Protein chains: 2
Amino acid sequence: MQLKKQFGRRVQQLRLAKKITQEELAEHVGVSIESISNIERGIHGPSFDNLEKIILALNVPAKMLFDFDEE
Amino acid sequence: MQLKKQFGRRVQQLRLAKKITQEELAEHVGVSIESISNIERGIHGPSFDNLEKIILALNVPAKMLFDFDEE
DNA sequence: ACCACACCCGAAGTCTAGCTTCGTTAAAGC
DNA sequence: GCTTTAACGAAGCTAGACTTCGGGTGTGGT
């Protein structure tokens with residue numbers, strides 16, 4: 001429950017750093033914009049396959065998405 | 001596909017570092033021993049809720065489970 | 001004032017894959 | 001030879017990831 005929210009905030013931070021919209025990220029990942037919205041708000045986490053796609057779309061090392069200290 | 005295997009190996013490494021068996025980890029996480037076995041072999045990744053429980057069970061920061069460089 | 005954009009937020013339904021329970025096999029240690 | 005640990009397959013269940021609908025909010029541009 002805690003982790004989803006922390007992860008969601010991290011996705012949003014890295015997405016904004018890339019200056020792309022939720023819709024653009026959704027297209028790159030291959031999911032709906034609502035799914036990205038839900039992930040960023042911590043409603044639910046991504047599947048492991050989509051986690052990998054998010055990492056590729058944001059072009060960051062995996063551990064950066066779980067590095068909550070350097071927010 | 002790539003990520004599940006890397007993640008699985010990392011779980012095994014950190015579990016062995018704690019000197020606990022798959023069965024003990026399974027009990028702490030609250031899943032079956034086969035599920036832990038499948039995760040470590042990269043058959044499937046954990047759900048986000050169980051990912052959080054794995055982090056707690058191994059007592060490591062989340063990013064350490066995705067830090068594949070320091071294997 | 002109006003429109004477009006970006007996003008939040010439900011509700012309700014679909015469906016994948018995470019998880020389970022069976023069973024078998026095999027290596028390592030004592 | 002017994003026990004422990006873990007790999008591995010198959011088959012079924014189910015939670016939750018994901019979807020589509022619809023409505024709402026705030027901002028910036030013209």
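Predicted model, so just to flag it, every value in this text is computed and none were measured. Just so you know, these numbers use all the heavy atoms, side chains as well, and skip hydrogens, waters and symmetry mates. In what follows, every chain begins at residue 1, and chains take the letters A, B, ... in the order their sequences are listed.
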To the nearest angstrom, the CD1-P distance between B:Ile20 and D:dT4 comes to 18 Å

Under 3.5 Å donor-acceptor, B:Arg41 side chain and B:Gly8 backbone:
no

Of B:Arg15 and A:Ile36, whose closest DNA chain D nucleotide lies nearer the 5' terminus?
B:Arg15

For the side chain of A:Arg41, counting heavy atoms from C-beta on, which of C:dC7, D:dC8, C:dC8 is nearest?
C:dC8

Begin with the C-alpha distance, continue with both residues' side-chain angles, and end with the deciding distance and a verdict on salt bridge (charged side-chain N to carboxylate O under 4.0 Å, His left out) for A:Glu24 and A:Lys18.
CA-CA 11 Å; A:Glu24 287 171 319; A:Lys18 287 275 173 189; over 6 Å; no

Could you please spell out the steps behind the side chain to side chain contact (heavy atoms under 4.5 Å, CB included) verdict for A:Leu51 and B:Phe7?
CA-CA 12 Å; A:Leu51 172 58; B:Phe7 176 80; over 6 Å; no

Under-4.0 Å side-chain N/O to phosphate OP1/OP2 contact, B:Gln22 with D:dA7:
yes

Could you check how far CG of A:Asn38 sits from P of D:dT19, rounded to whole Å?
10 Å

So, does B:Arg15 use its side chain to make a donor-acceptor pair with the main chain of B:Leu58 at under 3.5 Å?
no

For C:dC19, take OP1 and OP2 only and decide whether either is under 4.0 Å from a side-chain N or O of B:Ser47.
yes

Under 4.0 Å between a side-chain N or O of B:Lys4 and OP1 or OP2 of C:dG18?
yes

For the pair made of CD1 in B:Ile33 and C1' in C:dT21, what is the distance, rounded to whole Å?
13 Å

Using a cut-off of 4.0 Å on non-hydrogen atoms, how would the nucleic acid contact of A:Gln12 be classed: base, sugar-phosphate, or nothing?
sugar-phosphate

Give a yes/no answer on whether the side chain of B:Ser35 brings an N or O atom under 4.0 Å of OP1 or OP2 in C:dG18.
no

With nearest nucleotides of DNA chain D determined for B:Ser37 and B:Asp49 from heavy-atom distances, which residue corresponds to the more 5′ nucleotide?
B:Ser37

Short side-chain to backbone donor-acceptor contact, B:Arg10 and B:Met64, under 3.5 Å:
yes

Quickly work out the A:Ile43 CD1 to C:dC8 P distance and round it to whole Å.
10 Å

Using whole Å, what does the distance between atom P of nucleotide C:dT20 and atom CD of B:Glu27 come to?
13 Å

Taking atom P of C:dT20 as reference, at what distance in whole Å does atom NE2 of B:His44 sit?
8 Å

When the nearest nucleotide of DNA chain C is assigned to B:Gly45 and to B:Glu34 on a heavy-atom basis, which residue is associated with the more 5' position?
B:Gly45

Out of C:dA6, D:dC21, D:dT5, whichever nucleotide has its closest atom nearest the side chain of B:Thr21:
D:dT5

Once you round it to whole Å, what is the distance between P of C:dC5 and CD of A:Glu23?
9 Å

Quickly work out the A:Leu51 CG to D:dA17 P distance and round it to whole Å.
12 Å

